[in-house]
Amino acid sequence: MLISPKKELDEIAIDRIIEMAWEDRTPFDAIKFQFGLAEADVKALMKKELKFSSYKLWRKRVENCKTKHLAKRVKGIDRFKCTMQKAISNNKIAKR
């Protein structure tokens with residue numbers, strides 16, 4: 001999957017993007033900030049990498065999820081990650 005002519009995503013990055021896309025609290029802006037993929041690019045990646053039934057389920061969740069888009073979020077939520085999340089390394093979330 002190409003982001004731009006210069007940068008290609010590896011398997012670890014693709015796995016992390018899919019994980020972030022499934023997470024309800026992670027907005028598309030966080031994915032764009034970390035990986036440079038716009039919302040349309042994330043949707044295309046998910047369609048390519050997931051089974052069609054899983055993709056349809058994910059799209060339905062995204063359409064109804066107010067936290068995936070910063071413009072729809074409650075004003076009190078101003079962070080990209082959960083307060084319980086300390087660090088992300090090798091696609092694993094370290095918790096308390």
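Keep in mind that this is a model prediction, so the values were computed, not measured.
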| field | side chain to side chain contact (heavy atoms under 4.5 Å, CB included) partner of Val42, the single match among Val62, Ile18, Ile31 | value | Ile31
| task | Over all heavy atoms of both residues, which pair between Trp58 and Ala21 is shortest? Give the atoms and the distance, please. | result | NE1-O, 2.9 Å
| task | Can you measure from CD1 (Ile17) to CG (Leu37) and round to the nearest 0.5 angstrom? | result | 4.5 Å
| request: Taking all non-hydrogen atoms of both residues into account, name the closest pair between Met20 and Thr26 and its distance. | output: O-CB, 3.4 Å
| message | Taking Glu19 first and then Arg16, would you say they form a salt bridge - that is, a charged N and a carboxylate O separated by under 4.0 Å? | response | yes
| request: Determine the minimum heavy-atom distance between Leu50 and Trp22, stating which atoms define it. | output: CD1-NE1, 4.0 Å
| field | Closest contact, heavy atoms only, Tyr55 versus Met46 | value | CD1-C, 3.8 Å
| request: Would you confirm whether Asp41, through its side chain, and Ala38, through its main-chain N or O, come within 3.5 Å as a donor-acceptor pair? | output: yes
